[in-house]
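Here the structure is laid out as structure tokens; the discussion comes afterwards.
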2 protein chains.
Amino acid sequence: MTSITRRRRSKGPDTRAAVEDAITDAMTRLLTSGHTFTSVSVEDLAKESGIARSTFYMHFRDKGELVRRLMKRVTQELVGATNVWFEHEHPEQRVVLHQALKSISQVYIKYQAIMLAVSETSAYDPDVAAMFKETMMHLMANMRAVLKGGQKAGWANADASPEVADALTWMVERCCLQLLTVQKPAQRERMIEALTHVMSRALYA
Amino acid sequence: MTSITRRRRSKGPDTRAAVEDAITDAMTRLLTSGHTFTSVSVEDLAKESGIARSTFYMHFRDKGELVRRLMKRVTQELVGATNVWFEHEHPEQRVVLHQALKSISQVYIKYQAIMLAVSETSAYDPDVAAMFKETMMHLMANMRAVLKGGQKAGWANADASPEVADALTWMVERCCLQLLTVQKPAQRERMIEALTHVMSRALYA
DNA sequence: CAACTATCGGACACTGTGTCCAGTCATAAT
DNA sequence: ATTATGACTGGACACAGTGTCCGATAGTTG
């Protein structure tokens with residue numbers, strides 16, 4: 001399949017990717033400049049991308065697919081950030097947890113336009129919602145695993161149920177989103193510290 | 001103002017309220033039967049309410065205003081539920097906290113159609129978002145006050161910052177929403193217990 | 001009975017969506 | 001150099017939904 005798709009008949013070396021980058025870049029630009037994802041029409045997007053409206057539909061089924069693809073890019077990086085903690089040899093150290101939460105928040109900040117678009121869209125687009133849910137499930141599973149491992153190793157609180165891991169995961173997600181509405185780095189740091197506090201208290205024995 | 005509005009010229013004793021109840025009831029019915037708020041058009045709603053589409057606009061500026069009014073009803077009850085804890089003489093008792101969280105979750109369950117509609121709409125409707133934010137601000141302020149009071153009284157963890165209160169508030173909100181997708185009472189109880197665990201650990205000295 | 005007014009029901013202009021297709025044009029194959 | 005290819009254009013289309021407006025209808029009140 002790939003080779004067929006990539007046989008670059010006509011046009012430049014990698015037109016397909018180039019156009020799609022132009023579109024995703026345009027969307028990111030529009031979101032960054034204050035527009036809501038919902039408020040950006042396909043026509044707006046086409047204009048900003050410098051393409052015809054119908055061309056958009058040659059690359060994406062609808063606006064939802066655009067978000068889904070943007071999300072895919074971010075998800076990997078987000079999971080990577082969580083692994084700072086999940087796969088660390090010493091997850092029982094508070095500094096490690098704090099650093100992981102900082103990394104996670106940095107992913108949110110780096111891709112804030114996308115993160116906000118995802119949380120906006122997943123509220124009403126079933127496909128985006130499913131994808132978002134899947135990511136959350138993945139993170140919750142990891143969190144549960146760390147907790148279980150910690151309980152075996154003795155550093156984690158034996159009273160903490162798997163549902164505690166779920167609750168903490170949701171908390172981190174929501175708070176990172178809230179973090180984006182805050183500008184001052186000092187305030188952001190305070191919020192990360194608060195997350196560290198709640199998590200370490202809930203999990204550590 | 002009220003007396004002017006209530007001068008019931010024409011039609012039954014309280015036609016205005018009656019029609020609006022018919023509309024809100026119809027929306028609740030449609031949401032409960034599986035429709036998304038976004039997927040319900042004003043025409044659908046009018047049909048279900050047994051009124052003309054144009055009549056809807058005599059009572060509500062748009063669908064957003066309908067949500068806002070539904071939300072208003074619930075907010076009071078929700079705040080009431082939180083006061084089980086906020087205004088209790090002994091907020092340091094774990095059972096009191098647990099009971100408060102149970103009350104909160106029960107409000108979410110009772111009005112689940114509305115809660116889901118609000119969280120769906122506030123993602124893209126600025127007015128609904130503002131209203132939702134206001135409620136959250138209110139709850140966070142209360143949570144901060146309890147924490148501060150507890151620190152003075154000595155039962156609360158001195159290390160817990162005001163941001164900890166904020167994080168916990170967001171956690172409870174998100175988790176109660178998630179609670180609605182769970183059917184089994186036992187699982188719901190486990191989730192409430194998890195919230196109790198995290199909160200008591202984070203706050204109590 | 002007459003005045004009032006909420007509701008009806010249909011028309012209107014508008015915005016946005018997703019599909020389709022004939023025409024253009026740069027490129028790759030011959 | 002010529003031709004075939006296929007991505008892109010740009011405009012038209014049908015469709016769904018929104019919010020406004022208005023004449024007609026019908027029930028209530030004085």
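Here the structure is a predicted model, which means the values were calculated and not measured.
- With rounding to whole Å, F56(B) atom CZ is found 17 Å from dC21(D) atom P.
- At distances below 3.5 Å, not a single donor-acceptor pair connects side-chain atoms of E120(B) with backbone N or O atoms of T36(B).
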Acceptor/donor pairs from residues 130-144 of chain B side chains to any protein atom, 3.5 angstrom cut, sequence neighbours excluded:
unit_1  : atom_1 : unit_2  : atom_2 : d
T135(B) : OG1    : M131(B) : O      : 3.2
R144(B) : NE     : D166(B) : OD1    : 3.0
R144(B) : NH2    : D166(B) : OD2    : 2.7

For this session: Please test Q106(A) against I192(A) for side-chain contact (heavy atoms from CB on, under 4.5 Å), starting from the C-alpha separation and ending with a verdict.
Result: CA-CA 11 Å; Q106(A) 274 161 359; I192(A) 293 165; over 6 Å; no
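- Residues passing the ring pair (Phe, Tyr, Trp, His ring centres under 6.0 Å) test with Y108(B): none are found, sequence neighbours excluded.
- Rounded to an integer number of Å, the gap from CG of D44(B) to P of dG17(D) is 7 Å.
- The main-chain N or O of P91(B) is found under 3.5 Å from a side-chain atom of W85(B) such that the two form a donor-acceptor pair.
- Contacts classified as side-chain hydrogen bond (donor to acceptor under 3.5 Å, both in side chains) and involving residues 40-60 of chain A (residues at least two apart or in different chains) are given here: E20(A)-H59(A), R29(A)-E48(A), S41(A)-D44(A).
- Residue pairs that meet the salt bridge (Lys or Arg N to Asp or Glu O under 4.0 Å) test with at least one member in residues 72-85 of chain B, sequence neighbours left out, are D21(B)-R73(B), E77(B)-K110(B).
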Problem set entry | V172(A) vs T82(A), side-chain contact (heavy atoms from CB on, under 4.5 Å): CA-CA, chis, key distance, verdict | CA-CA 11 Å; V172(A) 172; T82(A) 61; over 6 Å; no
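- Pairs of residues two or more places apart, or lying in two chains, that qualify as side-chain hydrogen bond (donor to acceptor under 3.5 Å, both in side chains) and include a residue from residues 175-187 of chain A are Q187(A)-R190(A), Q187(A)-E163(B).
- Between the C1' atom of dT28(D) and the CZ atom of R16(B) lies a distance of 17 Å, rounded to the nearest Å.
- Between the P atom of dC20(C) and the CE atom of M58(A) lies a distance of 13 Å, rounded to the nearest Å.
- Between the CD atom of E43(B) and the C1' atom of dA16(D) there is a distance of 10 Å, given to the nearest Å.
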With 3.5 Å as the limit, what N/O pairs link the protein to nucleotides 10-13 of chain D?
unit_1  : atom_1 : unit_2 : atom_2 : d
dG10(D) : N7     : S54(A) : OG     : 3.1
dG10(D) : O6     : S54(A) : OG     : 3.1

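- Every residue meeting the ring pair (Phe, Tyr, Trp, His ring centres under 6.0 Å) condition with Y204(B), not counting sequence neighbours, appears here in chain and number order: W155(B).
- Residues from residues 60-69 of chain B placing a heavy atom under 4.0 Å of any atom in DNA chain D, listed by number, are D62(B), K63(B).
- Within residues 121-128 of chain B, no residue is approached by DNA chain C to less than 4.0 Å at the level of any non-hydrogen atom.
- Listed by residue number, S41(B), V42(B) are the residues of residues 25-42 of chain B with a heavy-atom contact under 4.0 Å to DNA chain D.
- With sequence neighbours left out, F56(A) forms a ring pair (Phe, Tyr, Trp, His ring centres under 6.0 Å) with F60(A).
- Y111(B) is linked by a ring pair (Phe, Tyr, Trp, His ring centres under 6.0 Å) to nothing, counting only residues two or more places apart in sequence or in another chain.
- D62(A) places a side-chain N or O within donor-acceptor distance of the main-chain N or O of E65(A), the cut-off being under 3.5 Å.
- Distance Y57(B) OH to dG9(C) C1': 15 Å, rounded to the nearest Å.
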